Each structure stands twice: as structure tokens, then as C-alpha cells.
Amino acid sequence: RNGMIGNIYSMGLALQALETSREFYAPRKWDRAQALSVVYNHDYELPMAMAQVLPPLVGKSYLDAGHLPCSASSSSSGSPQPSRSRCTKTVQFSITNTLKNYFHYSTSVCVPDNATLLHVMKVARKEKPDIFCFKTKSTDLGPFVTSIHGLAGNKTKGTYWQFFSCWSPLQEGVGTYKPKNWEHIQAIFSI
């Protein structure tokens, strides 16, 4: 869809697979330029996601890593954190469960301009802890929301929390997605 293969986190590995197997598919089946345009236009913040998209940007894959020259370089460490500065945008945040024991709650929170969805969720939890409580677990691709309002996803039942904006699934995780002013983010318990 418009060059996107899966979601923004799967793009790097998908591009590597396509680069590695390019001799096995017809040139018209995949528009490399369009896919790379998606990568160029995204502001990657997670190291794992960056590491996966870098090889395809130079026409390589992890399989080529053993054949590339290495050179030492200095780099800065640390990841940007949401500013603790004043409120500059308002985000609407809703949580909904329609599968069993229905509930729906909404709130509007004010956050700094560079705040991520995770920051929005933390502010909502701080303002209404009995309603917007949530838990996450750390993964290589950032925080993964495991439960909201005491309702946890279940691998056996195939349930999980999915995040939407204007009824479209988010292509980034809660740790990197930065909602716009007055954007309505929905967390919907899904199968």
C-alpha cells in the first residue's frame, strides 16, 4: 500500500528479503523506489528498526554484512525523551472493549508537542488512574502494551490491544508514534 510493506517496523526486514531475492521475481512485481521512499520519509527512533532499514538503503542485507569493510566511528548515545515542558497540544485518547464485559472511556490530555503516544497514555493514567491504568513490556522494537484498564491480551485467545487514528491502525508503536494536535487515538481490544 503506497510502498508500505506490512508496517513501518517490518519494512526493514521485508526490504532486506526483497533485496536478497531480487533475482527470483519479475522487476515489475515490486517498486523498490516507492518502498524506499516510505523509509526515507519516516523518522526512525528505535535502534532495532534503524538497524533493519540501513542495509536496504545501500542495496544490501544482513547476509552481506560479513563482506563489508568496517571502520570505527564515533557516535552519540541516548534517545530523545518527551520534553517535560509546558502543554502545547491536546490529544483525545479512548479505550474500548467490545469483546466481553463492554467498556468505553475517553479523555483529552494536554502534552508537549514532541510527546509520544506512550507519554499521552502516562498523562491519562496520572489524571485518571482507576480508568487509564496500563502495563507494558519492553521489546527490541520498543514498549509493547500488554494490558489496559486491567484487561490483558492473551496469546491463546489471540486478543491484544490495537491502536487506531481515524479508524486506521497505527503503523508505529506507542513509544515512537507522536499524535498530532487534537488527534483522536483509540485503543481497541481486538482479536
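What you see is a predicted model, and the numbers here were worked out from it, not measured in a lab. Residues take their numbers from the sequence shown, with the count starting at 1. FYI, side chains are in, hydrogens and waters are out, and symmetry mates aren't considered; it's all heavy atoms of this structure.
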query: For K126, which residues count as a side-chain contact (heavy atoms from CB on, under 4.5 Å) partner, sequence neighbours excluded?
result: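 Testing K126 for side-chain contact (heavy atoms from CB on, under 4.5 Å), a comparison that skips the adjacent residues, returns none.
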- request: With sequence neighbours excluded, tell me which residues meet side-chain contact (heavy atoms from CB on, under 4.5 Å) with T139.
  value: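 Here the qualifying residues are K137, L141, F144.
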query: Going from CZ on R125 to CG on D130, what distance comes out if it is rounded to the nearest 0.5 angstrom?
result: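 The distance works out to 13.0 Å.
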message: What's the separation between atom SG in C166 and atom CD1 in I185, rounded to the nearest 0.5 Å?
response: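 Between C166 SG and I185 CD1, I get 8.0 Å after rounding to 0.5 Å.
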Would you say [X] and [Y] make side-chain contact, with heavy atoms under 4.5 Å?
X    : Y    : value
S190 : Y160 : yes
V174 : H119 : no
E127 : F132 : no
N101 : F103 : no
F189 : H149 : no
F163 : V145 : yes
N181 : T90  : yes
L170 : Q162 : no

message: Would a single hydrophobic cluster contain both Y105 and V120, if residues Ile, Leu, Val, Met, Phe, Trp and Tyr are joined by side-chain heavy-atom contacts under 4.5 Å?
response: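 Yes, it is one cluster - the side chains of V120 and Y105 are joined through contacts under 4.5 Å.
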task: Go through I188 and W167 one step at a time and tell me if the side chain to side chain contact (heavy atoms under 4.5 Å, CB included) criterion holds.
output: CA-CA 10 Å; I188 300 177; W167 297 104; 3.6 Å; yes
Derivation and outcome, side chain to side chain contact (heavy atoms under 4.5 Å, CB included), residues T116 and T176: CA-CA 6 Å; T116 63; T176 55; 5.7 Å; no
- request: Apply side-chain hydrogen bond (donor to acceptor under 3.5 Å, both in side chains) to the pair H184 and S165, showing each step before the final yes or no.
  value: CA-CA 6 Å; H184 183 194; S165 175; over 6 Å; no
Any donor-acceptor pair under 3.5 Å linking the side chain of [X] with the backbone of [Y]?
X    : Y    : result
K89  : P179 : yes
W161 : L151 : yes
T159 : K157 : no
T88  : D113 : yes
T146 : K135 : yes

What pair of heavy atoms forms the shortest contact from [X] to [Y], and how long is it?
X    : Y    : answer
I95  : I131 : CD1-O, 3.5 Å
G175 : P143 : CA-CG, 3.9 Å
S108 : Q92  : OG-CG, 3.5 Å
T96  : H104 : OG1-ND1, 2.6 Å
S94  : S106 : OG-OG, 2.5 Å

message: Applying disulfide bond (SG atoms under 2.5 Å apart), can you list everything that pairs with C110, at least two apart in sequence or on another chain?
response: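 Applying disulfide bond (SG atoms under 2.5 Å apart) to C110 gives C87.
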